Participant: 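One structure is given below, represented as structure tokens, and several questions about it will come after.
Side chains are part of it too, since the values below use all heavy atoms of this structure and drop only hydrogens, waters and symmetry mates. Sequence positions, counted from 1, serve as the residue numbers for this chain. Each ligand, and each atom within it, is numbered from 1 in the order the structure gives. This one's a predicted model, so the numbers in the text were calculated from it and none came from an experiment.
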Amino acid sequence: MRSAEQLDVLVVGMGFAGITAARVLADAQLRVHLIDRRDHIGGNAYDEFDAAGVRIHRYGPHIFHTNSDRVLAFLSRFTRWRPYEHRVLANIDGELLPIPINRTTINRLYGLALDEPGAAAFLERVRVPRDPVATSEDVVLNSVGRDLCDRFYRGYTRKHWGLDLSDLAAGVAARIPVRTNDDDRYFDDRHQCMPADGYAAMFARMLDHPLVSYETGVDFAAVRGACGERHLVYSGPIDEYFGHCFGPLPYRSLEFRHEHLPETSRFQPVGIINYPGADVPFTRIVEFKHLTGQAHAGTSILREFPRAEGEPYYPIPRPANETLFRRYQALAAECRDVTFVGRLAQYRYYNMDQVVGAALAAGSRIVERVGRR
Ligand code: FAD
Ligand code: UDP
């Protein structure tokens, strides 16, 4: 690491939040040092080749999608893109149906032949109007009614979060659109693409700057207060920063079980198949070659098993947790020399592009405060 007096900003965490902020700061001529307690860069978006040579995402499938031209332009400095429109099927009692629910889903599930106005009228008939729309159950009942809710959402949500839909904030289920046409893409965003040679390569280029240095395998706890930085960017869990003084913030974890199938070139018809049923303990199966476009004689898949304990992957959006987060946030507001940014530090169910947007803004604010060199 550079000598203490030279260091302008120490960045804790080398995911999208930390690396984006670091690059903004270095571009403004500030000296930045990053640390991560994992043994690699990239945070949860890290990708790598498995032993068989298939590119996989160690911490679950990461598909880039955004409506922000600014975020896309920033990342495009560091990567070319491969167009990729993500599609997901749900395994409903053995039948594979499009999710988000669309006209095809309704027609195939109920043996109908509705046109688009017919599908809209169908949903209007089955929906259960809710006012206010406060929980994820309200969102789903209000748009697709009870039967589709129970088949596509309730079991999946129970498995993924360990909670009923009615215990989760509206924003969770509202991530998934509902359509009456045949559009079967998972996302609505204007830009949908994957970094052409992977996320890790993109992150390495973001870090390639004369004013940036970094170390992996270093926990903040080991260097806290010892780096002499003028400002700290922290992208780890906010409750951990404050020693869990108000008690732990709840996070949901996952166990990732990767598998390579040497004799199978294609395992499933789309990148992800969701399994809402209680008959299997995992929520979804990912086949990475769909996402990356890689040609390989075999294929690599991933099953995700939700866990209450383990690495914090998901903040759990519900009112009690938001109240607890606000208490930590009030402490954070007192720390003038620390910026909290990222999914864990802001306790927000952010996608990658939202984290980049937050880190771009945070970086600019820090430059204003610490001063350009
Ligand atoms: P992270 O990537 O979690 O990085 C934080 C880093 O901080 C970690 O590497 C951690 O090791 C380090 N750290 C924490 N505490 C310390 C400490 N004390 N000392 C040192 N280092 C520390 N988003 C999408 O847009 N599209 C998707 O398809 C998508 N799929 C996802 C699938 C899964 C299974 C998950 C879990 C998330 C997915 N996301 C997706 C969300 C995406 O992962 C996040 O938005 C993004 O990676 C968050 O970046 P971050 O930098 O805030 O956090
Ligand atoms: N969801 C569901 N059934 C599905 C897909 C999603 O019930 O087939 C719900 C579930 O509560 C999930 C949320 O919608 O957690 C958001 O889904 P998304 O695919 O955005 O989750 P992520 O990819 O972040 O795990």
Participant: If you have a sec, work out which protein heavy atom is nearest atom 1 (N) of ligand 2 and how many Å separate them, to one decimal?
Facilitator: Tyr156 CD2, 3.7 Å

Participant: N/O of Arg284 under 3.5 Å from N/O of ligand 1, yes or no?
Facilitator: no

Participant: Could you tell me which atoms of ligand 1, counted from 1 in the order shown, lie closer than 4.0 angstrom to a heavy atom of Leu254?
Facilitator: 34 (C)

Participant: Backbone N or O of Ala134 within a donor-acceptor pair of the Asp138 side chain at under 3.5 Å?
Facilitator: yes

Participant: Around atom CD of Glu309, are there more than 12 heavy atoms of other residues, nucleotides or ligands at under 6.0 Å?
Facilitator: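 12 or below, so no.
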
Participant: What is the nearest protein non-hydrogen atom to atom 23 (O) of ligand 2, stated with its residue, atom name and distance?
Facilitator: Arg284 NH1, 3.3 Å

Participant: Between the side chains of Glu240 and Arg37, is the shortest nitrogen-to-carboxylate-oxygen separation below 4.0 Å, so that they form an ion pair?
Facilitator: yes

Participant: Of the backbone atoms (N, CA, C, O) and the side-chain heavy atoms from C-beta on, which set of Val218 has a member under 4.0 Å from an atom of ligand 1: side chain, backbone, both, or neither?
Facilitator: backbone

Participant: Taking the basic N atoms (NZ, or NE/NH1/NH2) and the acidic carboxylate oxygens, is any pair closer than 4.0 Å for Asp8 and Arg31?
Facilitator: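 Here Asp8 does not pair with Arg31 in a salt bridge, since their nearest N and O are not under 4.0 Å apart.
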
Participant: Find all atoms of ligand 1 within a distance of less than 4.0 Å from any non-hydrogen atom belonging to Gly342, and give their numbers and elements.
Facilitator: 52 (O)

Participant: Using the side-chain contact (heavy atoms from CB on, under 4.5 Å) rule, take Asp197 and Thr79 through it: C-alpha gap first, then chi angles, then the decisive distance, then the call.
Facilitator: CA-CA 8 Å; Asp197 41 5; Thr79 187; 4.1 Å; yes

Participant: Assess whether a salt bridge exists between Arg257 and Glu255, defined as any Lys/Arg side-chain N lying under 4.0 Å from an Asp/Glu carboxylate O.
Facilitator: yes

Participant: Please work out, at 4.0 Å between heavy atoms, whether the side chain, the backbone, both, or neither of Ile19 comes within that distance of ligand 1.
Facilitator: neither

Participant: Look at atom 20 (O) of ligand 2 and say which protein heavy atom is nearest, naming residue and atom and giving the distance to 0.1 Å.
Facilitator: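 Answer, as residue, atom name and distance: Arg175 NE, 2.8 Å.
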
Participant: Just do the side chain to side chain donor-acceptor pair (under 3.5 Å) check on Asn102 and Arg185 with the steps written out, would you?
Facilitator: CA-CA 10 Å; Asn102 67 5; Arg185 296 171 311 155; over 6 Å; no

Participant: Please confirm whether Phe203 and Phe16 have ring centers closer than 6.0 angstrom.
Facilitator: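 Phe203 vs Phe16: aromatic centres under 6.0 Å.
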
Participant: Kindly state whether the ring of His86 and the ring of Tyr84 have centres lying under 6.0 angstrom apart.
Facilitator: yes

Participant: May I ask you to check whether Tyr234 has an N/O atom sitting below 3.5 Å from an N/O atom of ligand 1?
Facilitator: no

Participant: Looking at Tyr314, which atoms of ligand 2 are within less than 4.0 Å of one of its heavy atoms?
Facilitator: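 This gives 22 (P), 24 (O), 25 (O) as the contact atoms.
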
Participant: Name the residue from Ile101, Asp183, Asp188 that meets the side chain to side chain contact (heavy atoms under 4.5 Å, CB included) definition with Pro177.
Facilitator: Asp188

Participant: Tell me whether atom 53 (O) of ligand 1 lies less than 4.0 Å from at least one protein heavy-atom position.
Facilitator: no

Participant: What atoms of ligand 1 come closer than 4.0 angstrom to any heavy atom of Tyr350?
Facilitator: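 Checking each atom against Tyr350, I get 41 (C), 44 (C), 45 (O).
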
Participant: Are Asp164 and Arg154 ion-paired here, with the side-chain N under 4.0 Å from a carboxylate O?
Facilitator: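 The answer is yes: the pair qualifies as a salt bridge.
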
Participant: Have a look at ligand 2 and work out which part of His62, if any, has a heavy atom under 4.0 Å from it: side chain, backbone, both or neither.
Facilitator: neither

Participant: Just to confirm my output: which protein heavy-atom neighbour is closest to atom 25 (O) of ligand 1, and how far is it?
Facilitator: Met352 N, 2.7 Å

Participant: What protein heavy atom lies closest to atom 3 (N) of ligand 2? Include the residue and the distance to one decimal.
Facilitator: Phe152 O, 2.9 Å

Participant: With a cut-off of 4.0 Å, which atoms of ligand 2 are near a heavy atom of Asn274?
Facilitator: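 So the answer, numbered in order with elements, is 4 (C), 5 (C), 8 (O).
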
Participant: Among all the protein's non-hydrogen atoms, which is closest to atom 36 (C) of ligand 1, and how far away is it?
Facilitator: Tyr313 CB, 3.7 Å

Participant: How far is atom 21 (N) of ligand 1 from its nearest protein heavy atom, and which residue and atom name does that atom have?
Facilitator: Arg37 N, 3.1 Å

Participant: Give the residue and atom name of whichever protein heavy atom lies nearest to atom 42 (C) of ligand 1, and the separation in Å to one decimal.
Facilitator: His62 NE2, 3.6 Å

Participant: Hey, does Tyr186 come in under 3.5 Å of ligand 2, counting only N/O atoms on both sides?
Facilitator: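 Yes, there is a polar N/O contact under 3.5 Å.
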
Participant: So which heavy atom in the protein is nearest atom 7 (O) of ligand 1, and how far is it from that ligand atom?
Facilitator: Gly13 CA, 3.2 Å

Participant: Would you check the N or O atoms of Phe220, main chain and side chain alike, for any that come under 3.5 Å of an N or O of ligand 1?
Facilitator: yes

Participant: Quick check: does Met14 get an N/O under 3.5 Å from an N/O on ligand 1?
Facilitator: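 In this structure, Met14 places no N or O atom under 3.5 Å from an N or O of ligand 1.
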
Participant: Starting from atom 18 (N) of ligand 1, what is the nearest protein heavy atom, named by residue and atom, and what distance separates them?
Facilitator: Asp219 OD1, 3.1 Å

Participant: I need the nearest protein heavy-atom contact for atom 3 (O) of ligand 1: residue, atom name and distance, please.
Facilitator: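 Looking only at protein heavy atoms, the one closest to atom 3 (O) of ligand 1 is Asn44 ND2, 3.3 Å.
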
Participant: Do His231 and Thr339 have side-chain atoms, one donor and one acceptor, less than 3.5 Å apart?
Facilitator: yes

Participant: Decide if the gap between the ring center of Tyr186 and the ring center of His65 is smaller than 6.0 angstrom.
Facilitator: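 So the answer is no for these two rings.
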
Participant: Do the charged groups of Arg266 and Glu287 touch, with an N to O distance under 4.0 Å?
Facilitator: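 Answer for the salt bridge query: no.
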
Participant: Checking a contact table here: which protein heavy atom is nearest atom 13 (C) of ligand 2, and how many Å away?
Facilitator: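 Heavy-atom neighbour on the protein nearest atom 13 (C) of ligand 2: Val172 O, 3.7 Å.
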
Participant: What part of Pro237, side chain from CB on, backbone N/CA/C/O, both or neither, has a heavy atom under 4.0 Å from ligand 1?
Facilitator: side chain

Participant: Heavy atom under 4.0 Å from ligand 1: found in Asp36's side chain, backbone, both, or neither?
Facilitator: both

Participant: In terms of residue, atom name and distance, what is the protein heavy atom nearest to atom 27 (C) of ligand 1?
Facilitator: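 For this ligand atom, the closest protein heavy atom is Ile63 N, 3.4 Å.
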
Participant: Would you mind listing which atoms of ligand 1 come within a distance below 4.0 Å of any non-hydrogen atom of Val355?
Facilitator: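 Here the atoms of ligand 1 in question are 45 (O), 48 (C), 49 (O), 52 (O).
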
Participant: Nearest protein heavy-atom contact for atom 10 (C) of ligand 2: which residue, which atom, what distance?
Facilitator: Thr157 OG1, 3.5 Å

Participant: Taking a cutoff of less than 4.0 Å between a non-hydrogen atom of the residue and any ligand atom, is Pro61 in contact with ligand 1?
Facilitator: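 Per 4.0 Å heavy-atom rule, Pro61 contacts ligand 1.
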
Participant: Any heavy atom of Glu240 sitting closer than 4.0 Å to ligand 1?
Facilitator: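 True for this residue.
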
Participant: Ignoring hydrogens and geometry beyond distance, is a side-chain donor-acceptor pair present between Asp353 and Ser68 at under 3.5 Å?
Facilitator: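 Per modelled atom types, Asp353 and Ser68 side chains form no pair under 3.5 Å.
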
Participant: Could you list the atoms of ligand 1 found under 4.0 angstrom from a heavy atom of Tyr59?
Facilitator: 33 (C), 34 (C)

Participant: Just checking Tyr199 against His57, ring centres under 6.0 Å apart?
Facilitator: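 They qualify: ring centres under 6.0 Å apart.
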
Participant: Got a salt bridge between Arg146 and Asp150, using NZ or NE/NH1/NH2 to carboxylate O under 4.0 Å?
Facilitator: no

Participant: With a 6.0 Å cut-off (strictly less than), is the heavy-atom count around CG of Asp69, excluding the residue itself, greater than 12?
Facilitator: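 Above 12, so yes.
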
Participant: Does any N or O of ligand 1 fall below 3.5 Å from an N or O anywhere on Gly18, backbone included?
Facilitator: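 In fact, backbone or side chain, Gly18 has no N or O that close.
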
Participant: Any idea which atoms of ligand 1 are less than 4.0 Å away from a heavy-atom of Gly236?
Facilitator: 14 (C), 15 (N)

Participant: Once the angle between the rings of His40 and Tyr46 is folded into 0 to 90°, is it parallel (under 30°), tilted (30 to 60°) or perpendicular (over 60°)?
Facilitator: parallel

Participant: Closest non-hydrogen protein atom to atom 17 (O) of ligand 2, residue and atom name please, with distance?
Facilitator: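 Here the closest protein heavy atom is Ile176 CD1, 3.4 Å.
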
Participant: Could an N or O of ligand 1 be found under 3.5 Å from any N or O of Ala221, whether backbone or side chain?
Facilitator: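 The answer is no, given that Ala221 and ligand 1 share no N or O pair closer than 3.5 Å.
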
Participant: Report the nearest protein non-hydrogen atom to atom 21 (O) of ligand 2: residue, atom name, distance rounded to 0.1 Å.
Facilitator: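 Its nearest protein heavy-atom neighbour is Tyr349 OH, 3.1 Å.
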
Participant: Hey, does Arg343 come in under 3.5 Å of ligand 1, counting only N/O atoms on both sides?
Facilitator: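 Among all N and O atoms of Arg343, at least one is under 3.5 Å from an N or O of ligand 1.
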
Participant: Do any heavy atoms of Phe64 fall under 4.0 Å from ligand 1?
Facilitator: no

Participant: Hey, does His160 come in under 3.5 Å of ligand 2, counting only N/O atoms on both sides?
Facilitator: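 For ligand 2, there is no N or O atom that lies under 3.5 Å from one belonging to His160.
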
